[in-house]
Amino acid sequence: MCGIFAVFNYPSDINAFRRRALLLSKRVRHRGPNWSGCEISGNNIVCHERLAIVGVDSGAQPLTNDDKSIILSVNGEIYNHKILRKQLKNDTQFKTRSDCEIILHLYAEIGIDAVKRLDGMFSFVLLDTNKNRFIAVRDPIGITTLYQGWSSSSPDTVYFASELKALQDDCDKIISFPPGHIYDSLTGETTRYYQPIWWDSDYIPTTPTDYTLLRKTLEKSVRKRLMSDVPFGVLLSGGLDSSLIAAIASREAAKLAASEDGIEDNEVDERVVTTWTKIHSFSIGLPGSPDLIAARSVAEFLGTDHHEYTFTVQEGLDAILDVIHHLETYDVTTIRASTPMYLLSRKISGMGVKMVLSGEGSDEMLGDFHKETVSRVKNLHTADCLRANKSTMAWGLEARVPFLDKDFLDVVMTIDPEEKMPKEGKMEKYILRKAFDVSTTGDTHPYLPDSILWRQKEQFSDGVGYSWIDSLRDISEKSVTDEQLANAFKRWSKDTPQTKEAYWYRDQFESLFPGDHCTESVVRWIPRKDWGCSEDPSGRAQNAHNSSYSKDVSSIQASWFSAFDRFVRYKFIKTQGLKFYCDQIDIKLNLPLRRMEQIISALLASNHPEILKKKLVEKLTTKTQEMPQSDWEKLCDFSYGLLLEHETRVHAEVGEYVLSWIAHTQKQIYLKYFNSDALEFNLEKAGSNVLEIYKVLRATTKVIKYKNEIVDSQYIENVENDCQLLQRYAEKYFVQWKGRHDLHTLFISMFYDLPKSIPSDRNVVIQASTRNNFTISRVLIHGLSNVPNESIDNDYREYVEKSVYLIESMWKERLSAAKSHSFAMALLISRIPLDHLSVISPYIQKNFREDISRFGLSIGHMIEMMPHPFAKNIGYWIVGLMKALETVRSHEILISITRINIRKVFKYLWDRKSREDALLVVKYMLLGYQIAPDVFQQVIPMYPEVLDIISQEGDQIDVLHELSNIAQCLMCRFSASQNQFIPLKQKLENLEMPSLGQSEIRTILQEHNWNKNIKSAETTYKPTVKPTRSRKRIGLQNLGNTCFMNSVLQALFNSMEFRYRIFHATSNKSKTSTLHQLKLCFGFMAFSTKSYFSPSALLETFPRWINNGRQQDCHEFLKQEESNQFVSNKRPRLDMESQSISRINFNEMPISTFGGTLENTIKCLSCGNKSRTKEDFHDLTLSLKVENESNKPSLDDMLCEFFTPEELNEDNQYFCDKCNGLQDAVKTTRIIVPPRYLILSLNRFEYDKRYARRIKIMTPVMLQDTLSLTYVPDTLERSSKNESNYTNVEIHHQMNGIADLKINGNDNCDFEEIIGDNVEYDLSAIVVHSGMSAEYGHYYTYAKDEEDGNWYNLNDNFVMTSTLSKIIEEGEDYKSDTPYLLFFRQKNLNNDDLGEIPQSLIQTVRKSDNQGYSDGGFSFYDSENKENEDDSELKDKPALDFNNRFVS
């Protein structure tokens, strides 16, 4: 088998997509590790990952015909390919020995009907370029895997892949391609091509068993599957199925060994080719497991070369996540059985084996109930086939399954089901056992010993050792809490896990494959409850399994009544007592059951606790054996009566449980008894009595609910008619029941259980009319507005929960239909009592997990509803929704919602009708958003006008006080923007609003901050105190989109050597001199006593493209500074022993602090000639597109990528002077002069043609606090060894105390080690970009002070302390805040001899401090121009106490 990835009708440049396609195809390379191929034609691409088994030396794919008009990629084997070659009409020349090439030529002759003539296991995609036709096919049963996907952004594009993981990122709708079907792009339809006579479930087979035909057909099937050019073997569990396959394969191998030329079979097109003289068998299990013992016995009997492996429980548990990754499912049975198979496949693959025979499929086809058998065979691709395929292909091992041969299926599936049925003296799969028994074959040498041929069936997961299953249950019990399991439906409303083990698997699956589009591709297999267990799919839970080991069941003669009485006489009511009862029921009550309704009736009439009654009913149903149809019908009538009368809660719950049990175990009886005519008759019989109608509707809803759960396509119309029947009766009586809460509860339950009963106008919802329309919205409105007087009990909580689910579904329908909000929706939300908001909150959080992309959109729609008169409580809902986001720490969405909507919400304050709700939202948004002043700055211009309007109304003093308090807190929080606050301050002063004290402001800010739950101890608000000495760090004022400049200036200033070089630099003292203005800026940043400085004069010295009021790229700004007058060709030479900078010549330009030298070596691959060039650098730009096992590359990974040798070939060849022409070459780069301060720039932005702008690459990066580079000094004599090396990077890092990770030539980076010196660096500053594109967003800096070692967050004029751990934590919380520039400083640099700072600079700063004060900030440019102006007016105003600022 192999791996496929293909895209048809790609909407953009297909050649540009090629690299992406190859990366996605690489995700399935484990399926085909031998070769990769890719073909492009038009806007279509086909990729292939090959596992070579037949035609090893010539079968590389994708395959093409001579003119490449047909392109083919196949996963699988075609067993009849040689027969088909002979049947071709045209004289065709085959280019390969591959069995798959026949598909190309067969399609060229007969078109898509070619697939009907194939015999094998296969999935393939075929591109016919002449017809622009793309087809995809999967084999009849689904032995191979194939997925189909679509993207809503390009609905005409179709994706195909062998595994889900190749599609999950690019598609938002994915299905498992149906077996036996073909997709044709010409029609856009997927149609069935495989339709044997037995496929119709209504067909009843009558053919008697022909044991000889059965045996010979299976032997032929095995013989076909021995087609191989590589070593193969058999999987041997010691059970019947795998042992039979091994026995047949051994016989065929023996025949081959006895013949020089092999075995010819007129019906089998391939001679057996094997590289081993006898069959190799493989088995696995826990030490002493049943499978190992049985397999050993079979192997000894057959004489195979047997390989037995054991694994520990811990080894199995360690592999679970990998198993889920490869199987792409969370089904309990599949994961249990696949883990040992996955481990065994790894062992087999390591021996060089590429193909094995396996025994899947026998159980399903040998069932005794034909319809059930057909259904199980149809669904094999969701369980056994998926397990066999993906468990083995995870290690490049192909599993072939002879039982699923088309001919063998036709024989078995047409045998009379009566002959398959286990009876007295006949165990399961009797006819298969009998076909290979010596009494039938007449062979003196038996195929298998009787102990194996007639061995009890074990599931693979049980047979490898019972403690395996027990251990999985134990680890699940520890990993999943009772509360998590109880609330599982809130997290997964569809396919909710019922056990902790299922929850554990589902949680791990979601971590690998997030999103509904991945989950919807999974089919979870649920065993029939008449096996004897309700949820556990283990084979040990089957009655057949238990009875085969309990021969004395018939000795228990006591009746069910006496047995029940005997056990319920005990008075133990507590947990241990209840467990005792259940254990005893398990042991004693395994009896034939008749008239079960009488037993349940007696149980309900007893005086025992309700919980005991329900538990015993569950146990009774798990122990129930076959009953006559009449007894089942009586039980149906009895359970329906329990629901109808609803005598007590436990009566109703037992009725529901039993009905559900009957529906899922006796489907045909249930559907026949509760047919549509019977249900309508019951409703008509109720007459006009409202109470009777209510009771019948309640019971009928539950009946139809269980019909809906078990129905297939044949009966779907029947269920739809039942739902319409419910709807008609509900519409008829809705008006009469208006105001009755219990009756509206019924409607909510009906809509919740049966969405098809919801009226068709739910997309329109309702308009605000007085008509008595029956709609879902009206039901919700009436139900939620008629709250019971008593406190909220469990019933009402359940009612509200279901109501919220329906509201949620209505939101989704409206959003998916792109419709504007409805006034009725606003009315609906307003009717939910505010007291019950806490009941609804958990479901809001559930919705966040399910559909995060629409969560913000929902809040946006609700904000638009605020002005509507009916939406009086909408503000509480909006805040509740946002608090739910805060609870799950989804701060990125909170920030987005706030930035987008704050102006709109603030404008709603003008309208008295919407003011109450608007004030709630404004307060939550403004006080919660404390990371930057941009949101507050959006509303500052409107603030005075809003205050003025409200003050004129006269009766809104509380609102004024609330808005005043918000303004005071935020002006204090963002004190650096005081000039913008002057109009607002004046308005508050004119309105005589009371001032808040420092402690009050601090309390309010801490209480409302969204980060309050994760705030570290280091980050606390403290009141500003006028300093008597220089402030440690001061901010830089944002002059209008100048955060790009401020962030770089803070990082440069933090580099102490660069700072002092600036101080000592000789510059022209003019306003247009960048160096002079930078010196003054750094002087104020070092010695000013103000809280921030305005670098306006410095900004004016830069080119106009920087100083244009628009957001710029901070890296481009850094480059501008590097290319400015600071640059010098002189580089500081290092004394590596002392690491002292006292020897540095301050006459060198300041930027030389960051200067280093690279040497580029290009080696001609033709003549071996080398050329070298040197290149000065001030920063290294690293690519984020680095291959990494996780999605979070480290700086190590990116530096490895930077120093990886570059191949110069094709259009990028090198002109070799020696060869005098273009030649292939290898370019290597190494550092010969390391910088004292190293700047790493992450290539964060790429141009997006669709949006015509540079969008951000959101890849997260692991921060490292240390870095080590190996450099080769230019003076180092090059040895012959060094000359041959391509690179020289050796990188180390240590993060938060973790031991050093060393990436060198022989380990992670695959580079050769060379001789050189190491230079160590410490992380000193990080420039962060917040946003999604280069044109928009915000920059800020984290810097580690070289003197005190503390980290600071420098966000424009706002400064606060931080820690590295907090920086990492904030990076996790704010996904759009990503590192962009990273500054590293050499370890052990000595800062003691930096020289004296010019006193003239210090005096200039002190003088300006006294003259240029303006509410805590200072602009030297203003000071120079307004030196003589009197600023006493600003200083002496009797303003409110707004100058209280906080810094950390």
Ring centroid separation for Y194 and W199, is it under 6.0 angstrom? yes
So, S439 and K434: side-chain donor and acceptor under 3.5 Å apart, yes or no? yes
Quick one: sort the F160 and F177 rings into parallel, tilted or perpendicular, breaks at 30° and 60°. perpendicular
Interatomic spacing from OG in S521 to OH in Y147 - rounded to 0.5 Å: 5.5 Å
Just by modelled atom types, is the L213 backbone N or O under 3.5 Å from a matching donor or acceptor in the D210 side chain? yes
If you measure only the distance, is there a donor-acceptor pair under 3.5 Å linking the side chains of S242 and S237? yes
Decide, yes or no, whether a salt bridge links K82 with D99 under the criterion of side-chain N to carboxylate O below 4.0 Å. no
If you look only at pairs with a residue in residues 180-195, which of them pass as a salt bridge (Lys or Arg N to Asp or Glu O under 4.0 Å), with sequence neighbours excluded? R133-D184
Checking side chain to side chain donor-acceptor pair (under 3.5 Å) against R31, which of E398, H326, E163 comes through? E163
Not counting sequence neighbours, which residues clear ring-ring contact (aromatic ring centres under 6.0 Å, His included) with H381? List them please. none
Could you tell me whether K165 and E328 have a side-chain N and a carboxylate O separated by less than 4.0 Å? yes
Is there a donor in the side chain of D331 and an acceptor in the side chain of T329, or the other way round, less than 3.5 Å apart? no
Indicate the atoms forming the closest heavy-atom contact of A246 with V234, along with that distance. CB-CG2, 3.9 Å
Checking R251 against Y447: charged group under 6.0 Å from the ring centre and within 45 degrees of the axis? yes
Looking at N379 and S375, would you say the former's side chain and the latter's main chain have a donor-acceptor pair under 3.5 Å? yes
Any salt bridge linking D405 with R225? Criterion: basic side-chain nitrogen under 4.0 Å from a carboxylate oxygen. yes
Determine yes or no for a side-chain-to-main-chain donor-acceptor pair under 3.5 angstrom, with D416 supplying the side chain and E419 the backbone. no
Residues R376 and E372 bridged, charged N to O under 4.0 Å: yes
For residues 115-128, the salt bridge (Lys or Arg N to Asp or Glu O under 4.0 Å) pairs (sequence neighbours left out) are D113-K116, D119-K224
Between E101 and H105: side-chain donor-acceptor atoms closer than 3.5 Å: yes
Just by distance, do the side chain of S391 and the backbone of A388 share a donor-acceptor pair under 3.5 Å? no
Atom pair OG1/CG of T64 and L72 - distance to nearest 0.5 Å: 9.5 Å
CZ of R223 to CD1 of I248, rounded to nearest 0.5 Å, is 9.5 Å
Would you check if there is a donor-acceptor pair between the side chains of T144 and N75 at a distance under 3.5 Å? no
